[in-house]
Structure formats: C-alpha cells, structure tokens
Student: 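Before anything else, here's the structure in question.
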Amino acid sequence: MKSFSGWLATALLTAGLATGSGAFGPWRNVLSLPLGSHRLTAVSCPSSRICDALGETVSGVYDLTLRTTDGGRRWSSRTLPAGTALGAALACPSAERCVTFGHKGTNTTALAFVTGDGGDHWATARLAGNPTGVNDVACPSRTECLAVGTGPAGPLVLRSADGGARWVDESLPAGAPNLVAVSCPTTAICVAVGGAAIRSTDGGRTWRLEGRLSSDINAISSLACASPTLCIAVGSTPSSAAAARTTDGGEHWTERSLAGSNLEDVSCASRSVCETVGFASFESPGAPAGAIAFDTSNGGASWRPQALPRGTLELDGISCTAVASCRAVGDAGSWSAYGGAAVLSGIADYLAPGIRRWARGRVPVGILTLSGSSCAATLCQVLGENTAGSAVAYRIIDGRTWRPDTLPKGLRVEALSCGTASRCVALAQDGGVAVALVSSDAGGSWTRRKLPAAMAEGLLSEGLSLSCPTLSRCTAIGEDRAGDALPAVSHDGGLAWRAGPLLRGVAPFIVDCPTGRRCYGLGGDVSLVSSDGGLHWRSTGNAGIEYPAGLACPAERDCVAVGYADVVGQEQIAFSRTTDGAASWQFPAVSGEGMLTGVGCSSVEDCVATDSHATIWRTTDGGSTWQRKTGGAGLITLDSAACSRTVCVVTGKSGSRAIVRAAFYGRS
C-alpha cells in the first residue's frame with residue numbers, strides 16, 4: 001500500500017464503523033491547504049486526527065510535505081533538506097515518526113528521509129543495494145519497516161529495524177518480479193507484489209514466491225492486506241481499472257474490473273472494509289472523467305462506487321484509520337485533499353433549490369458602470385469605473401452591503417476572477433503596460449505584479465478573459481499584435497505568469513476553467529478545450545453562437561454559453577450548452593431580440609443569464625430550457641452575471657447609474 005494506516009484490535013475497528021455499512025462517504029473537500037500546494041501523491045494517517053502527505057509544489061518540485069493534527073481541517077507545510085525530490089512512498093507508524101524516500105540533488109541513488117518529531121526535522125539515511133528508486137514502504141510498528149524498489153541487479157526488499165535509520169538488503173527467491181507495493185498486516189507477515197506475489201512470515205527476513213496475479217492486470221499500483229490471508233491489489237487492465245484479491249496469503253488471486261482508467265491506491269480499515277481511489281479518463285467506459293473511488297464491505301468480493309465532490313481530477317493516495325475515516329489526496333483543481341465525513345466537516349451541501357429572492361444593492365454614488373463580477377462562497381467582487389474614469393472595486397457582503405476596495409490609481413481593469421472567497425485576481429492596463437493585481441484578503445488590499453514583457457502587450461485587449469478556478473491556478477486569454485489568441489497561465493495565484501503558444505488564426509476568446517487542468521474557450525466560430533490548465537488548446541468544433549458573450553462551466557464536462565446572432569439585421573439572443581466536454585453542443589429553442597451579455601452557474605442545473613434588454617434569464621435543467629424575468633423597473637441594460645454555490649449577482653444600468661442585484665439560494 002502507498003500509505004500506512006494504524007492497525008488496532010478488531011473490536012476497536014468494528015466499533016468505529018456504522019452498523020451494517022461499509023461506506024466511508026460522503027466525501028467532502030478540504031480548502032485549507034497552504035498556498036503553493038499543487039498535487040499530493042501520498043498520504044499516511046497514524047490516527048484519525050493526524051495525517052502526513054507528500055506532493056508537488058506549484059513550481060513543479062516534489063518536495064512538498066504537509067501535516068494536519070485536527071483531522072484535516074488545517075494543514076501546515078514541513079521543510080525537507082534542500083535539494084530533495086520525493087517519490088510517492090510514505091509510511092507514518094506513529095504521530096512522531098514518518099519514513100519516505102527520494103533523491104537529493106543529482107544523485108541517482110535513492111535515499112530514505114526519516115523524521116522522529118512529526119516532520120519538524122528530517123534525517124537522511126543511506127539504503128543498502130544502491131536502489132535507483134523505492135516504490136512503496138510499510139511500517140507495521142514504530143521500528144519495523146519494509147520497502148520495495150529496484151536496484152542494479154533487479155528487484156529489492158529493504159528492511160529496517162530502527163524506524164528507518166539503517167537498512168539492509170534481504171535476499172529474494174528466484175523468479176521474484178519487479179516489486180511495486182508491499183503491505184504488512186502484522187509485524188511478522190508481509191506480502192509484496194508485482195506481476196506475482198512474494199510472502200514473508202518473519203518480518204521480511206526471508207521470502208517465498210507465491211502465485212501470479214491475473215495476466216489481465218498489466219499495471220499494479222498499490223496493495224493492502226486487511227489480514228494475514230486477505231490482500232487487495234489495485235491497478236489497471238488495458239481497458240479499465242481493476243482490483244484483485246487473495247484469501248490465502250497470495251497463492252491465488254481473483255480479479256474484478258471496475259469503471260475507470262486506473263486505481264492508484266487502496267487502504268483497509270478492517271478485515272472487510274477497504275477503500276480504493278484513482279481516476280477515469282475521457283475514454284474510460286462506464287465512468288465520467290475525473291477522480292473515482294470505490295469501497296467494499298466484504299473484503300473485495302464486490303465494490304461500490306463512491307460519490308466525490310464535483311471537479312475532482314485525480315486521486316493518488318488514500319489512508320483509512322481504524323475509526324473508518326479516510327483522507328484521499330491528489331490533483332483536484334479547487335482542492336487537493338479530501339476526507340471522510342466521519343471526521344471532516346468540509347463544505348456541506350447547503351443549497352436549497354430555487355432562488356428565493358433578488359435583492360437590490362445600493363450602489364455608491366459616483367459609480368458609472370459595473371463591467372465585471374466574480375463570486376466565490378458567500379462573497380462577490382465587482383469591478384467598474386467611476387464618473388472620473390478611474391477603476392473601482394467593491395465587495396458585496398450580503399447583496400445590500402458594499403465595501404470599497406483600494407485599487408492602485410490610474411489603472412484600467414479588464415478582467416476579474418476569484419478562486420476562493422479571499423483570493424481574487426484582476427488583470428489591468430497601467431499606462432500601456434499589462435499588470436496583474438492579486439488580493440488575498442477578499443479585496444481589502446491588492447498587490448501589483450508586472451507581467452513579462454513578452455506577454456504584456458498581448459494581454460492588452462478589450463477581449464481579455466480570465467478564469468481562476470482554484471486558489472493557485474489562473475488562465476488568461478489575450479491577443480498578440482496580429483490579433484491571434486495568446487494564452488497565459490499562473491500556478492501561484494496570479495503572482496507569476498507563463499505565456500503559452502500563440503493560437504494562430506484564432507481570435508481572442510472567452511475562457512472558463514471548471515478545474516485547475518480543464519479549461520474551455522468560446523470564440524465567434526470555434527469551441528476550444530485545454531487539458532493542461534489553459535497553456536495548450538485544441539479546437540472541438542462550433543458552439544453555434546455567432547457572437548458569444550458569456551461562458552460558465554460548473555463541472556468538468558458541463559458548460560453553458562450565451563450570446564447573440566445577427567438574423568437579417570436583427571440581434572437575436574442565443575443559448576448553447578454541452579454535457580460531454582465540448583465534444584458536441586445543443587441549442588435550446590429560445591427566441592427573443594437583444595443580446596445576452598453574461599452567464600453564471602451555481603450548479604450544473606441552475607444558471608442565470610443577463611441581456612441588453614434588462615432581462616434575467618434562468619435555467620434549472622442545465623440549459624435545456626430557459627425562463628425570462630424582467631430585471632425591474634427603470635433598468636436599461638444588464639451587463640454581467642456571476643454565481644457561486646450560494647449567491648448570484650447581476651450588474652447593469654438604471655438611467656445614468658450602475659446597479660447590482662444579488663440572488664440568494666435557500667434564503668426567504
């Protein structure tokens with residue numbers, strides 16, 4: 001197994017489970033990861049409150065270690081020796097001690113990294129056998145640890161009797177496969193697997209070759225042994241995710257195919273209850289693209305799919321403790337860690353169906369226009385221009401209460417997006433130079449960052465579009481001198497930016513990213529998709545809107561687009577939607593003169609749109625049908641819409657004054 005879970009007596013394990021149920025769900029997201037956390041690859045929980053995780057920072061270096069001591073509500077980063085690059089092998093047999101592996105500097109020989117004080121300090125330990133890599137580790141006690149990997153002569157099993165400070169290379173039986181995973185249900189009995197299984201009954205000192213796993217499983221990722229005889233291995237076949245189990249200690253294995261592409265990790269909380277996680281690609285039969293999770297309450301004889309928060313991209317590691325709570329980690333766009341409801345409260349589904357009311361906010365005197373808005377959680381941010389021609393920003397607290405923000409003077413703000421309730425990013429022009437504005441306190445203060453010269457001019461366009469789906473990731477679309485679309489991405493919340501390849505022959509387009517990796521673009525004659533956060537794009541056809549004005553993608557494969565078409569010299573509103581990742585678009589038959597100007601979605605089903613005739617449109621079926629409602633007396637036009645899960649705002653004009661209206665879900 002990739003991650004060790006504390007092993008307690010069967011009575012305690014049973015007491016921690018809901019009677020008659022083997023499910024860990026519901027799963028909830030954790031949003032409190034330190035800034036700079038990109039992808040987490042492994043997690044180990046010695047107790048229900050303490051977990052350690054490994055992963056990658058936004059700079060692309062695998063030297064990230066995180067720890068929680070309150071069940072996953074808050075995480076803090078730990079410091080490893082300089083130049084360390086970690087793999088995905090991690091075991092924490094106690095709250096103080098963790099063992100992991102990696103490389104240091106340019107050295108190709110793997111090393112062990114050990115902490116005895118909860119990650120505050122790490123010691124480096126050399127490994128016997130000169131391994132080039134360590135694939136997995138298991139520590140059935142605070143002192144006994146076993147690791148499997150590869151050395152110059154082939155597969156290796158390394159054993160430590162002092163908690164990872166010193167390691168010896170144990171001999172293996174003839175025919176032993178390359179070993180990718182190891183699990184020890186007791187301090188004496190351990191099983192390791194690759195294409196076949198090997199077994200030890202003396203704590204890893206001697207090994208015996210057992211049976212082969214099914215030939216259909218071409219890639220094993222992880223192993224968990226729930227008892228001395230019951231083990232579960234997970235991975236993939238050429239066509240699906242797969243789990244195999246043995247009930248005789250590894251001699252015979254039976255395989256089950258599961259919907260998805262690959263299972264990355266598995267962890268067991270008792271002799272019968274286990275959970276496995278992984279991912280499904282767009283080509284996976286029977287599973288939508290994104291993270292997948294399955295649980296079993298009968299030791300792997302059958303598996304049940306688990307519901308995960310929308311937008312989860314991939315889960316790479318899982319650790320379940322004896323009280324039947326789990327933490328799973330991976331790459332998820334808006335968040336990087338998940339926890340079972342038994343411990344984590346996370347974000348509950350507090351949306352009641354239906355917009356109960358629209359409240360009109362009192363816009364401060366002197367605001368000429370409100371041209372952009374973005375909502376996250378219960379807070380909305382609005383940008384505009386005052387009568388003196390200066391950019392202004394306001395926070396909408398409850399639909400009526402406004403708090404002004406202080407923007408640097410002399411700017412022309414072009415685009416705004418808030419990845420969280422506190423983190424907002426804007427792109428602006430400052431005397432002909434493009435700059436990024438970053439706020440980490442919900443707009444209370446803004447940090448100005450100059451963009452690289454190579455992309456500064458390309459982002460100076462009225463067609464500039466920006467989407468920040470997470471705390472750290474942002475995607476912007478501008479244009480170069482020739483008018484071709486120019487993408488730019490940030491992996492640190494808008495502080496530093498990287499320009500992508502020009503899209504020659506493609507005009508600037510609207511962008512919306514439902515996750516940190518998945519982005520959609522909509523131009524006048526083209527629909528585009530990016531799978532790497534907006535750096536590279538491919539065309540997927542036409543969304544059927546001649547002049548697009550708004551795009552909202554509330555889930556990884558679901559988008560709603562609005563705009564207008566020129567029909568015999570008249571502007572006609574136009575709606576479009578996709579439910580298959582822009583592979584195809586549907587066009588609901590909604591007629592009316594005017595131009596749709598913006599759209600926002602609080603969920604896959606519920607979206608609102610605005611138009612130039614001061615009309616608010618709403619759908620509750622994902623864009624199949626739309627209903628219209630007047631925006632109110634005195635309005636001339638509505639210019640933008642933005643929604644979070646709990647609130648939507650629309651902006652527009654009434655006479656010569658800017659207006660804003662907010663809608664709340666579940667409030668009377």
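From a predicted model like this one, the values you see are computed outputs, not experimental measurements.
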Student: Which atom pair, heavy atoms only, marks the closest approach of R577 to D621?
Tutor: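 Shortest heavy-atom separation between R577 and D621 comes out as NH1-O, 3.7 Å.
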Student: If only atom types and distance count, is the side chain of T475 paired as donor or acceptor with the main-chain N or O of G533 below 3.5 Å?
Tutor: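 Yes.
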Student: So, the side chain of D484 versus the backbone of L502: is there a donor-acceptor pair under 3.5 Å, distance only?
Tutor: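 Pair absent, no side-chain N/O of D484 close to backbone of L502.
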Student: List the steps and the verdict of side chain to side chain contact (heavy atoms under 4.5 Å, CB included) for L86 and L80.
Tutor: CA-CA 10 Å; L86 298 176; L80 284 164; 3.2 Å; yes
Student: Disulfide bond (SG atoms under 2.5 Å apart) for C559 and C553? Distances and angles first, verdict last.
Tutor: CA-CA 4 Å; C559 295; C553 302; 2.1 Å; yes
Student: Are we looking at SG atoms under 2.5 Å apart for C601 and C643?
Tutor: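 No, C601 does not link to C643 through a disulfide.
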Student: Does S472 reach the main-chain N or O of G493 with its side chain, forming a donor-acceptor pair under 3.5 Å?
Tutor: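 No.
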Student: With distance as the sole criterion, is a donor-acceptor pair present between the side chains of S527 and T540 under 3.5 Å?
Tutor: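 There is such a pair between these side chains.
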Student: Does the side chain of L528 come within less than 4.5 Å of V526's, by heavy atoms?
Tutor: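 In contact.
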Student: Which residues pass the side chain to side chain contact (heavy atoms under 4.5 Å, CB included) test with S576, not counting sequence neighbours?
Tutor: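 Once residues adjacent in sequence are excluded, the partners of S576 under the side chain to side chain contact (heavy atoms under 4.5 Å, CB included) criterion are A543, I545, A561, W585, F587.
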Student: Which atom pair, heavy atoms only, marks the closest approach of L315 to A328?
Tutor: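 Reported closest heavy-atom pair: CD1-CB, 4.1 Å.
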Student: Please test C375 against C648 for disulfide bond (SG atoms under 2.5 Å apart), starting from the C-alpha separation and ending with a verdict.
Tutor: CA-CA 7 Å; C375 296; C648 291; over 6 Å; no
Student: In a check of side chain to side chain contact (heavy atoms under 4.5 Å, CB included) between C607 and each of D558, T620, V562, T619, which one passes?
Tutor: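 Filter result, single survivor: T619.
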Student: Identify the two heavy atoms, one from D492 and one from S490, that lie closest to each other, and give their separation to 0.1 Å.
Tutor: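 Looking at all heavy atoms of both residues, the shortest contact is OD1-OG, 2.9 Å.
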Student: Once you find the SG atom in C424 and the one in C418, is the distance between them below 2.5 Å?
Tutor: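 A disulfide, yes.
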Student: Suppose we screen for salt bridge (charged side-chain N to carboxylate O under 4.0 Å, His left out). Which residues come up paired with R78, at least two apart in sequence or across chains?
Tutor: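 Residues passing salt bridge (charged side-chain N to carboxylate O under 4.0 Å, His left out) with R78: D120.
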Student: So L66 and W75, do their side chains get closer than 4.5 Å, heavy atoms only?
Tutor: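 Answer yes - side chains close enough.
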Student: Closest approach of W497 and A476, non-hydrogen atoms and distance?
Tutor: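 For W497 versus A476, the nearest heavy atoms are CZ3-CB, 4.0 Å.
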Student: Drop me the distance from Y564's OH to I573's CD1, to the nearest 0.5 angstrom.
Tutor: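 Nearest 0.5 Å value for the OH-CD1 distance: 13.5 Å.
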Student: Which atoms form the tightest heavy-atom contact between V529 and A582, and what is the distance?
Tutor: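 So the minimum-distance heavy-atom pair works out to CG2-CB, 3.7 Å.
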Student: How long is the straight-line distance from CD1 of I477 back to CG of D512, given to the nearest 0.5 Å?
Tutor: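 Answer rounded to 0.5 Å: 11.5 Å.
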Student: So V590 and W626, do their side chains get closer than 4.5 Å, heavy atoms only?
Tutor: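 A side-chain contact exists here, since the closest heavy-atom pair is under 4.5 Å.
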Student: Would you say the side-chain atoms of T68 pair up with the backbone N or O of C51, donor to acceptor, closer than 3.5 Å?
Tutor: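 Flag not set: sc T68 to bb C51 has no pair under 3.5 Å.
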Student: Side chains of T597 and S612: do they bring a donor and an acceptor to under 3.5 Å?
Tutor: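 Checked: T597/S612 side chains show no N/O donor-acceptor pair below 3.5 Å.
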Student: Take the angle between the ring planes of F575 and W617 and call it parallel below 30°, perpendicular above 60°, tilted in between.
Tutor: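 If you compare the ring of F575 with that of W617, the planes turn out perpendicular.
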Student: Do the side-chain N and O atoms of R518 and S531 include a donor-acceptor pair separated by under 3.5 angstrom?
Tutor: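 Short answer, yes.
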Student: Does C468 offer a backbone N or O that forms a donor-acceptor pair with the side chain of S417 under 3.5 Å?
Tutor: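 Flag set: sc S417 to bb C468 pair under 3.5 Å.
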Student: Inspect the contact between R618 and D606 and indicate whether a charged nitrogen and a carboxylate oxygen are less than 4.0 angstrom apart.
Tutor: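 The answer is yes: the pair qualifies as a salt bridge.
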Student: Between R517 and R473, is there a side-chain heavy-atom distance shorter than 4.5 Å?
Tutor: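 R473 reaches R517 side chain to side chain.
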Student: Does R67 come within less than 4.0 Å of D52, counting only side-chain N to carboxylate O?
Tutor: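 A salt bridge is present here (some side-chain N lies under 4.0 Å from a carboxylate O).
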Student: Yes or no on side chain to side chain contact (heavy atoms under 4.5 Å, CB included) for V382 and T651, after CA distance, side-chain angles and deciding distance?
Tutor: CA-CA 9 Å; V382 177; T651 66; 4.2 Å; yes
Student: Which heavy atom in G500 sits nearest to a heavy atom in L535, and how many Å separate them?
Tutor: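 Where G500 meets L535 most closely, the heavy atoms are CA-CD1, 3.6 Å.
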Student: Roughly how far, to the nearest 0.5 Å, is the CG atom of L486 from the CZ atom of R504?
Tutor: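 Here the rounded value is 10.5 Å.
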Student: To the nearest 0.5 angstrom, please state how far the CG atom of D611 sits from the CG atom of L638.
Tutor: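 Between D611 CG and L638 CG, I get 7.0 Å after rounding to 0.5 Å.
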Student: What's the verdict on side chain to side chain contact (heavy atoms under 4.5 Å, CB included) for L466 and V511, showing C-alpha distance, side-chain angles and the deciding distance?
Tutor: CA-CA 6 Å; L466 173 69; V511 63; 5.7 Å; no
Student: Give, for atom CG of L416 and atom OG of S374, the distance between the pair rounded to the nearest 0.5 Å.
Tutor: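 Answer for the CG-OG pair, L416 versus S374, is 5.0 Å.
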Student: Enter the distance from L471:CG to T420:OG1 here, rounded to the nearest 0.5 Å.
Tutor: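 Nearest 0.5 Å value for the CG-OG1 distance: 5.5 Å.
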Student: In the structure I gave you, are the side-chain heavy atoms of C519 and W537 within less than 4.5 Å of one another anywhere?
Tutor: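 The answer is yes, as the side chains (C-beta and beyond) meet within the 4.5 Å cut-off.
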Student: Side chains of S439 and R423: is there a donor and an acceptor less than 3.5 Å apart?
Tutor: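 R423 and S439 do not have a side-chain donor-acceptor pair below 3.5 Å.
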Student: Show your working on side chain to side chain contact (heavy atoms under 4.5 Å, CB included) between D441 and S422 and close with a plain yes or no.
Tutor: CA-CA 5 Å; D441 55 4; S422 60; 6.0 Å; no
